[in-house]
Amino acid sequence: MFSQIKLKTGSRSEMKDITPDVQKEISGMGISDGLCTVYVPHTTAGITINEGADPAVCDDIIRKMDEMVPKNAGYRHMEGNADSHIKASLMGSSVTVPIVKGRLALGTWQKIFFCEFDGPRTRKVTIAG
Ligand code: ZN
């Protein structure tokens with residue numbers, strides 16, 4: 001089964017916890033056990049799973065990504081957002097999570113984060129289960 005959620009991001013770079021949205025879609029699909037793929041159909045945004053308990057973790061990740069991939073560094077891409085494309089590739093465009101008894105079987109501290117690198121924008125996330 002397949003569904004899509006829309007979300008709005010509020011800044012150029014941010015990590016947004018979409019775990020409740022993904023769980024809602026999975027519950028709506030009525031899947032009991034299986035795998036859920038969460039896919040980002042964009043070239044300047046990505047997705048990852050990491051700690052959701054301490055927001056400083058996401059702040060550190062975004063800050064370090066900005067350090068590793070600066071906005072202006074003599075890139076050839078004419079649109080002016082080469083750093084956003086590079087960060088999106090580093091993060092990846094999908095994650096897969098087991099579904100057990102209708103629930104996302106994430107670890108205790110894990111959350112699914114949509115990673116915006118060229119916001120603010122309206123974005124889509126595809127969920128296949
Ligand atoms: Zn571009």
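The model shown is predicted, which means the values in this text are computed figures rather than measured ones. Whatever order the structure lists them in is the order used to number ligands and atoms, beginning at 1.
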Practice task
Return yes when at least one N/O/S atom of S84 is nearer than 2.8 Å to the Zn ion (ligand 1), and no when none is.
Solution key: no

Exercise for the section: Kindly confirm whether the Zn ion (ligand 1) is within less than 2.8 Å of some N/O/S atom in D118? Expected result: no

Practice task
Indicate yes or no for a side-chain donor-acceptor contact from T9 to the backbone of R121 under 3.5 Å, with no hydrogens or angles considered.
Solution key: yes

Problem - Salt-bridge present (K87, D66; N to O < 4.0 Å) - result: yes

Problem - Salt bridge K24-D21, side-chain N to carboxylate O under 4.0 Å - result: no

Completion exercise
For NE2 in H85 and OD1 in N81, the angle at the Zn ion (ligand 1) (nearest 10°) is 100°

Problem - Where the Zn ion (ligand 1) is the vertex, angle from E79 OE1 to H77 NE2 to 10° - result: 110°

Practice task
Flag yes if M15 and I49 sit in one hydrophobic cluster, no otherwise; membership is Ile, Leu, Val, Met, Phe, Trp, Tyr, and two members link when side-chain heavy atoms are under 4.5 Å apart.
Solution key: no

